[in-house]
There are 2 protein chains.
Amino acid sequence: MSTVNHVPNQLLTRKLEAIFALTDDERQGIQGLPIQIKEFKTNQAIVQEGDCPSQCCMVLEGATCTYKMTIEGKRQILALHVPGDMPDLQSLHLKVLDINIASISTCKLGFIQHTDLRGLCERYPRLTAAFWRETLVHASIFREWLLNNGQRESYIRIAHLICELAVRLNAVGLVQDDSFKMPATQAELADATGVTPVHMNRVIKALRADGLISNKQSKITIPSWERLKEAGEFDSLYLHLLNKATDPVPTSEKEYH
Amino acid sequence: MSTVNHVPNQLLTRKLEAIFALTDDERQGIQGLPIQIKEFKTNQAIVQEGDCPSQCCMVLEGATCTYKMTIEGKRQILALHVPGDMPDLQSLHLKVLDINIASISTCKLGFIQHTDLRGLCERYPRLTAAFWRETLVHASIFREWLLNNGQRESYIRIAHLICELAVRLNAVGLVQDDSFKMPATQAELADATGVTPVHMNRVIKALRADGLISNKQSKITIPSWERLKEAGEFDSLYLHLLNKATDPVPTSEKEYH
DNA sequence: CGTTCGATTGACGTAGATCAAGTTACGTGG
DNA sequence: CCACGTAACTTGATCTACGTCAATCGAACG
């Protein structure tokens, strides 16, 4: 509940630095941005369809998801957000929200007022491009999910999603020794890939049997990144990562190959 | 091949006017934007995955689609574009393209150099917001397609897509007497909704049998917008249309109800 | 007036859904 | 720090929406 803690501003700075060198002025502008920190428990609503928010948020710790429901009550998870992501940046320009965002773990979010963000963008027009770019990358991920869910059979589809999570988590330093904490439950992964939880469980079992992943509890280990990537037909181009060091290969393989 | 023809600039002006009142200055800036017109036959590539375009385009006449392929050669159509849409505006900020765009009918496109567009946005910062918004609306459509293709059964899914096309075509004046020219073939609609062409055909047959649509050739007529909307679980919120007159109800029902 | 692309139809096959139990982990309060 | 309740994970048996394969038909166009 304070703006004194500068950790969130530093995460934001790092995010934008990934795109281009900030000037000292710009960096100071970001450091001065008031960010309100809020904590959430698992499965809490953050914003909802129909809301007209006057702020947007950034994930600092934990994970959130964007979802929509059909009339019959089926849920499609449209996006998973990890630290550094700004799940509802779109609300800056689309007044009424067409999505729901909820926490999927205990998590910490930083809230930035639209007015502050707009002010920052006016003062430093190059930052506008950086934030715009953030929304474009998320759009690109939506497209890849559309391809993935629409045209790939479930085994490949799920391997693909695991690859994406590995790469995105690795990009923010959350992969160690080829392992990461899976932020979503099997039921959530099922709602993201359009299969039933039962089927998700069977596919994960198969991936495990094939030696593509191993897990104790929510800690996933990827024995061979190359093999998983191949199984998931994964190419990270669509993530538009700029730091090629963090791009396709989680930590260990960077060192060994 | 000329920038003398001002029709494309007017379409662009109208598009942006839909969001907020332009100043005379801004309007003149847009009018002065060099736009190169090019014509395409059906099924021609416009841009492709891996390209680094230095321009982006706007559909003036006809229709285009964005798609991606899996390794096995299955195609997912990710978006359909009608006049007024800017299919690859994202290339302004994402250097290398992760999608393919092709014509799905004979069509006329207007090409704008990135440098010209960037110049315009620098001179009139409010226009930046307008273009950003265009990309956000497309992202919102991706999300709805993800929900539609992932969670709704094919009958509802296809009715939903037809609703979307009707509303979007109506918004640019291409619906008359509850009828419009379907811009896509059944095979293309199949690739957009993740079903086989055979199944698409059967669902369309069923929609026809149920009196939700009628068609001679590519001309689709919607006898009752209310019934189709209900069948497709359609709510146009996600299209973020501002002109509520063009929002949910194609022409005739606006007059009769 | 044949060629070609799109629409249509029938017979049959299957990936993944559904239903129905378990079983295992873990957070919480005593 | 243990017991207990709840959420997450597993597994087997059966079912179905949609896919696949294989023609045929119709209309636009050179």
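Computed from heavy atoms alone, side chains included, the values below leave out hydrogens, waters and symmetry copies. Please read all numbers here as calculations on a predicted model, not as lab measurements. The sequence lines fix the lettering, A, B, ..., with proteins before strands; numbering per chain opens at 1.
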Next on the checklist: What's the closest nucleotide to the side chain of A:T196 if the choices are C:dA17, C:dG16, C:dA7?
Outcome noted: C:dA17
Next on the checklist: If you only use heavy atoms from C-beta on, which nucleotide in C:dC19, D:dC18, D:dC9 is closest to the side chain of A:Q186?
Outcome noted: D:dC9
Checklist outcome for this item: Out of D:dC9, C:dA17, C:dT9, minimum distance to the side chain of A:H199 belongs to C:dA17
Checklist entry - Rounded to the nearest Å, what distance is computed from the NZ atom of residue B:K205 to the C1' atom of nucleotide D:dC18? => result 16 Å
Checklist entry - What's the CE-P distance between A:M182 and C:dA25, to the nearest Å? => result 18 Å
Checklist outcome for this item: Comparing A:Y155 with A:V198, nearest DNA chain C nucleotide closer to 5' gives the residue A:Y155
Item to check | Name of the residue among B:R152, B:R168, B:R157 meeting salt bridge (charged side-chain N to carboxylate O under 4.0 Å, His left out) with B:E144 | outcome: B:R152
Checklist entry - When you check the side-chain N and O atoms of A:E164 and A:H160, is any donor under 3.5 Å from an acceptor? => result no
Checklist entry - Expressed in angstrom and rounded to an integer, what is the separation of B:N201 atom CG from D:dG19 atom P? => result 13 Å
Checklist entry - If you look at every strand shown and take non-hydrogen atoms under 4.0 Å, does B:T185 touch a base, only sugar-phosphate, or nothing? => result sugar-phosphate
Checklist outcome for this item: Of the listed D:dG12, C:dG16, C:dC26, the closest approach to the A:Q217 side chain comes from C:dC26
Checklist entry - Has B:R208 got a side-chain N or O lying under 4.0 Å from the OP1 or OP2 atom of C:dT8? => result yes
Checklist entry - What integer distance in Å separates B:R152:CZ from C:dA17:P? => result 17 Å
Next on the checklist: Nearest whole Å is fine: how far is D:dT20 C1' from B:E72 CD?
Outcome noted: 16 Å
Next on the checklist: Quick check: on DNA chain C, is the nucleotide nearest B:R202 upstream (toward 5') of the one nearest B:E188, or the reverse? Name the residue that is more 5'.
Outcome noted: B:E188
Item to check | Integer-rounded Å distance: D:dG19 P and B:N149 CG | outcome: 11 Å
Checklist outcome for this item: Whole-Å distance, A:I156 CD1 to C:dA15 P, equals 12 Å
Checklist entry - Who passes side-chain contact (heavy atoms from CB on, under 4.5 Å) against A:E72, sequence neighbours left out? => result A:T70, B:I156, B:E233
Checklist entry - Which residue, A:K38, A:K108, A:K181, forms the salt bridge (charged side-chain N to carboxylate O under 4.0 Å, His left out) with A:E61? => result A:K108
Next on the checklist: What is the distance, to the nearest angstrom, from the NZ atom on B:K219 to the P atom on D:dA27?
Outcome noted: 17 Å
Checklist entry - Between the main-chain N or O of B:L78 and the side-chain N or O of B:T66, is there a donor-acceptor pair closer than 3.5 Å? => result no
